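Report on the structure given below.
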Amino acid sequence: MQVGHAKSPFQAWNLRRNPFGELTFGERAELAVVEELAHWLEILRRPRTALQFVGDCGHGKTTHLLALHRSLGNSVYVYYPETGPRPKLPTVRPLLIDEAQRMGHWNRWRLMRGKGPIVVATHIDLARQLRKFGFETVSVDMNAPMHAETLSRILNRRIEASRWMNRDPSFEVDILLAEGLLAKFHSNVRAIEGFLYESLQATLTGRASWPPVI
């Protein structure tokens, strides 16, 4: 497929880059598709509320935290790495903690003793501990099945943001392709993006065609 005269395979598809590659934190927040954002923001107006996103790697926990952080102008986002020094725990609330399961007992105790709403992304369910410390806790299962329409929106927003010129994109992820991706990868968006990244690279170099065979 060609889109006018192009200087590179990306431009031939009206792209500046492969839209399924790694994004900055700012880009992830801006392009996030968070369907219940307004509802969660309303919940976080209450002072003793905890919102937790629970799920495996690649299921959108960080993206949801970044979208909330972008909408909560006075909030603080803290990421706990797998190795290395642990960050200091701010006293500012709302406080958003990514990879909360890595915090350790002492920091988790300090987090739950503090006042004000908190949001955590975690691989393990912390609801019991949060409720023990008096938090009204709302849990979101990030491993739950995703609708094909939602996945299509997520991926097409990335394509839109990667367009080279202000004209119609030369391809999209339609519902049929989204259904196939969900059947293969379930709700693991990171795995889906990785698959599409490699598929598009192969298409641009003539080793495959679009849409990819699943």
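This one's a predicted model, so the numbers in the text were calculated from it and none came from an experiment. Positions are given from 1, in the same order as the sequence printed here.
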*Yes or no on ring-ring contact (aromatic ring centres under 6.0 Å, His included) for F171 and W13, after CA distance, side-chain angles and deciding distance?*
CA-CA 8 Å; F171 74 110; W13 283 65; 5.1 Å; yes
*Same hydrophobic cluster for L177 and F20, using side-chain heavy-atom links shorter than 4.5 Å among ILVMFWY?*
yes
*Does any non-hydrogen side-chain atom of R86 lie less than 4.5 Å from one of P81?*
yes
*Separation between CD of Q101 and CG of L126, rounded to the nearest 0.5 Å*: 8.0 Å
*Give the C-alpha distance, both sets of side-chain angles, the deciding distance and a yes or no for salt bridge (Lys or Arg N to Asp or Glu O under 4.0 Å) between R190 and E193.*
CA-CA 5 Å; R190 187 181 303 171; E193 289 170 347; over 6 Å; no
*Roughly how far, to the nearest 0.5 Å, is OG1 of T205 from CG of L200?*
9.5 Å
*asked:* Looking at E35 and R153, is there a salt bridge between them, counting it only when a charged N and a carboxylate O are closer than 4.0 Å?
replied: yes
*Sub-3.5 Å donor-acceptor pair from the side chain of R108 to the main-chain atoms of M103, do we have one?*
no
*Residue pair K115 / R48: nearest heavy atoms and the distance that separates them*: CA-NH1, 3.7 Å
*asked:* Return the OG to CG distance between S139 and L130, rounded to the nearest 0.5 Å.
replied: 8.0 Å
*Non-hydrogen atoms of A67 and V34 that approach each other most closely*: CB-CG2, 3.6 Å
*Is any side-chain heavy atom of L204 less than 4.5 Å from a side-chain heavy atom of L15?*
no
*Rounded to the nearest 0.5 Å, what separation is found between the CD1 atom of I154 and the CE atom of M146?*
4.0 Å
*Starting from the C-alpha separation in whole Å, work towards a yes-or-no answer on side-chain contact (heavy atoms from CB on, under 4.5 Å) for L182 and I192.*
CA-CA 8 Å; L182 289 172; I192 289 170; 4.3 Å; yes
*Which value, rounded to the nearest 0.5 Å, describes the distance between E172 atom CD and I159 atom CD1?*
7.5 Å
*So does R157 have more than 12 non-hydrogen atoms from other groups sitting under 6.0 Å from CZ?*
yes
_Shortest non-hydrogen contact between A29 and R70, atoms and distance_ = CB-CD, 3.7 Å
*asked:* A side-chain contact here means heavy atoms from C-beta on lying under 4.5 Å apart; do S75 and L95 qualify?
replied: no
_Taking E136 first and then R46, would you say they form a salt bridge - that is, a charged N and a carboxylate O separated by under 4.0 Å?_
yes
_Whether R93 side chain and P47 backbone form a donor-acceptor pair below 3.5 Å_ = no
_Taking D56's backbone N and O only, do any of them form a donor-acceptor pair with K61's side chain (distance below 3.5 Å, no angle check)?_
yes
*Less than 4.5 Å apart, any side-chain heavy atom of V54 and any of V140?*
no
*Is there a side-chain contact between H123 and C57, using heavy atoms and a 4.5 Å cut-off?*
yes
*When hydrophobic residues are tied together by side-chain contacts of less than 4.5 Å, even through go-betweens, does L96 share a cluster with Y80?*
no
*Could you give me the CA-CA distance, side-chain angles and deciding distance for I97 and I118, then say whether side-chain contact (heavy atoms from CB on, under 4.5 Å) is met?*
CA-CA 8 Å; I97 304 292; I118 60 175; over 6 Å; no
*Will you find, in the side chains of T122 and E99, an N or O donor that is under 3.5 Å from an N or O acceptor?*
no
_Cluster link V76 to L72, ILVMFWY, side chain under 4.5 Å_ = no
*After noting the C-alpha distance and the side-chain angles of L151 and V173, does the key distance pass the side-chain contact (heavy atoms from CB on, under 4.5 Å) rule?*
CA-CA 9 Å; L151 178 62; V173 175; 5.7 Å; no
*Taking E27 for its side chain and T24 for its backbone only, find out whether a donor-acceptor pair lies under 3.5 Å.*
yes
*Write down the atom of L196, the atom of L181, and the distance for their closest heavy-atom approach.*
CD1-CD1, 4.0 Å
*Can you check side-chain contact (heavy atoms from CB on, under 4.5 Å) on V119 and Q52, steps first, answer last?*
CA-CA 6 Å; V119 186; Q52 67 162 358; over 6 Å; no
*Flag yes if W106 and V120 sit in one hydrophobic cluster, no otherwise; membership is Ile, Leu, Val, Met, Phe, Trp, Tyr, and two members link when side-chain heavy atoms are under 4.5 Å apart.*
yes
*Check whether any side-chain heavy atom of L51 sits under 4.5 Å from a side-chain heavy atom of F135, and report yes or no.*
no
*Relative to each other, are the rings of F25 and Y77 parallel, tilted or perpendicular (30° and 60° limits)?*
perpendicular
*asked:* Test your reading of the model: is there a side-chain donor-acceptor pair from N18 to the backbone of Y197, 3.5 Å cut-off?
replied: yes
*Assess the side chains of S162 and R17: does a donor N or O sit below 3.5 Å from an acceptor N or O?*
yes
*Do N188 side-chain atoms and H59 backbone N/O form a donor-acceptor pair below 3.5 Å?*
no
*Applying the 4.5 Å side-chain criterion to the ILVMFWY set and letting contacts propagate, would V78 and I124 be lumped into a single cluster?*
yes
_From T49 atom OG1 to I43 atom CD1, the distance as rounded to the nearest 0.5 Å_ = 7.5 Å
_Is it the case that the side chain of R207 and the backbone of S199 share a donor-acceptor pair, with hydrogens and angles ignored and the cut-off at 3.5 Å?_
no
*Hey, can you tell me if W40 and F53 have their rings parallel, tilted or perpendicular (30° and 60° cut-offs)?*
perpendicular
